[in-house]
Amino acid sequence: MRIATTQLTCVPADMAANVRQMVALAGEARAQGAELVVFPELALTGYELDALSADPGLWVDADDPRLDAIRACGIATVVNCAVATGGERPAIGTLVHGADGELITTYRKQHLYEQERGVFEAGHQDGRFELGGLRFALATCYDNHFPELTGRGAADGCQVHLASSLYGTGGGVEERARLYPGIAEDANLYVVLANHVGPAGAWTGCGRSALWAPGGGLLAEADADTAMVVTAEVGPAAL
């Protein structure tokens with residue numbers, strides 16, 4: 001199975017503009033033969049915590065019509081965004097839709113980073129789904145710093161770990177380079193990282209979205225500057 005990961009520079013709090021970018025990237029992924037495409041953390045709005053706290057109009061549900069263009073791309077999509085919870089705060093949620101546009105599963109980030117705790121509700125359940133004969137685990141950015149979470153995916157029979165994230169320039173460069181191949185090595189999973197590139201709220205995304213094989217070998221990696229798609233084959237036939 002060929003999987004695509006993406007990176008983009010989001011337009012702050014402009015969902016329509018970001019959907020257009022995501023649709024274009026999904027089209028590139030499909031043209032490269034990918035069956036699944038993964039987007040960074042809070043890709044629909046950018047990592048704009050003040051705007052997301054102030055404007056519930058930037059929160060979505062799984063069937064939100066503003067996602068119709070993404071669901072119509074003809075490829076399975078992993079979209080991270082602010083998801084309405086029915087309460088006063090949204091969750092940092094991942095919506096997985098199939099190539100037919102039908103919802104496969106949802107996941108809510110369990111480990112909120114410092115500044116996120118006053119804006120979002122934490123999730124309490126692991127994210128899992130099956131597609132193309134493979135079993136996938138879901139995690140969002142800071143989740144990946146907790147070995148018990150990533151280890152549960154391997155113990156639960158997952159083969160691929162999908163991480164929608166934001167790592168910035170500076171210390172985030174080293175952190176990203178150490179953490180994700182480490183998960184691939186320690187949990188013996190394929191790991192797919194989707195990161196921001198360029199301005200992202202208070203941060204500057206360092207790009208380098210990538211895919212690693214079980215054991216930690218790099219399969220494909222984006223650059224540090226450009227909105228783009230990279231793809232790789234995953235699964236038993238790829239080893």
Side-chain angles (χ1 to χ4, degrees), residues 1-12 18 21-22 24-29 31-34 36-48 77-81 92 94 109 111 113 116 136-147 149-150 153 160-234 238:
M1 180 180 185
R2 182 164 289 273
I3 294 178
T5 185
T6 65
Q7 58 190 39
L8 69 157
T9 304
C10 296
V11 181
N18 294 322
Q21 290 196 77
M22 294 164 73
L25 292 168
E28 291 182 28
Q32 293 181 34
L36 175 73
V37 60
V38 184
F39 294 100
E41 184 176 25
L42 295 175
L44 279 183
T45 57
Y47 194 82
E48 303 296 330
T77 56
V78 179
V79 176
N80 190 270
C81 49
I92 299 179
T94 299
K109 184 176 184 178
H111 298 281
Y113 195 60
E116 296 168 355
F136 294 81
L138 293 164
T140 306
C141 204
Y142 195 43
D143 281 336
N144 296 284
H145 293 248
F146 293 81
L149 185 149
T150 56
V160 188
H161 180 83
L162 305 179
S164 296
S165 299
L166 167 56
Y167 286 84
T169 54
V173 175
E174 186 280 330
E175 193 171 43
R176 168 224 161 267
R178 170 185 51 81
L179 183 64
Y180 291 93
I183 294 170
E185 180 177 8
D186 295 342
N188 200 38
L189 295 168
Y190 286 95
V191 172
V192 182
L193 166 68
N195 193 25
H196 289 255
V197 65
W203 312 97
T204 299
C206 67
R208 301 289 186 190
S209 294
L211 304 95
W212 291 267
L218 182 66
L219 295 174
E221 185 177 51
D223 66 23
D225 305 299
T226 312
M228 65 187 301
V229 171
V230 293
T231 69
E233 291 285 340
V234 308

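Heavy-atom basis, side chains included; hydrogens, waters and symmetry copies ignored. Predicted model, so just to flag it, every value in this text is computed and none were measured.
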A side-chain contact here means heavy atoms from C-beta on lying under 4.5 Å apart; do [X] and [Y] qualify?
X	Y	value
Val230	Gln32	no
Leu42	Ile92	yes
Leu36	Leu162	yes
Pro147	Asp186	no
Leu8	Pro40	yes
Val160	Ile3	yes

Please report the interatomic distance [atom1]([X]) to [atom2]([Y]), rounded to the nearest 0.5 Å.
X	Y	atom1	atom2	result
Cys206	Glu174	SG	CD	11.0 Å
Glu41	Thr94	CD	OG1	8.5 Å
Asp143	Thr150	CG	OG1	10.0 Å
Leu149	His161	CG	NE2	7.0 Å
Asn18	Cys10	CG	SG	4.5 Å
Tyr190	Met1	OH	CE	12.0 Å

Of all heavy-atom pairs between [X] and [Y], which one has the smallest distance, and what is that distance?
X	Y	value
Cys141	His145	O-CD2, 3.8 Å
Thr231	Ala4	CG2-CB, 3.6 Å
Ala139	Asn144	CB-OD1, 3.5 Å
Thr169	Val173	CA-CG2, 3.9 Å
Ala224	Val197	O-CG2, 3.4 Å
Val79	Met22	CG1-CE, 3.7 Å

Check residues 207-222 and write down every donor-acceptor pair under 3.5 Å in which the side-chain atom is one partner and the other belongs to a residue at least two apart or another chain.
{"residue": "Ser209", "atom": "OG", "partner": "Thr6", "partner atom": "O", "Å": "2.9"}
{"residue": "Ser209", "atom": "OG", "partner": "Gln7", "partner atom": "OE1", "Å": "3.3"}
{"residue": "Ser209", "atom": "OG", "partner": "Asn195", "partner atom": "N", "Å": "2.8"}
{"residue": "Glu221", "atom": "OE2", "partner": "Arg176", "partner atom": "NH2", "Å": "2.6"}

For [Y], does its backbone N or O pair with a side-chain atom of [X] as donor and acceptor, under 3.5 Å?
X	Y	result
Ser164	Phe39	yes
Thr204	Gly168	no
Gln21	Thr9	yes

Apply the test side-chain hydrogen bond (donor to acceptor under 3.5 Å, both in side chains) to residues Glu116 and Tyr47: give CA-CA distance (whole Å), side-chain angles for both, the deciding distance (0.1 Å), then the verdict. CA-CA 10 Å; Glu116 296 168 355; Tyr47 194 82; 2.6 Å; yes
Tell me, which pairs form a ring pair (Phe, Tyr, Trp, His ring centres under 6.0 Å) where one or both residues lie in residues 170-189, sequence neighbours left out?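 Found Tyr167-Tyr180.
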Look at the rings of His111 and Phe146 and say which category their plane angle falls in: under 30° parallel, 30 to 60° tilted, over 60° perpendicular.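 Aromatic pair His111/Phe146 classed parallel.
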Under the salt bridge (charged side-chain N to carboxylate O under 4.0 Å, His left out) test, which residues partner Glu48, sequence neighbours left out? none
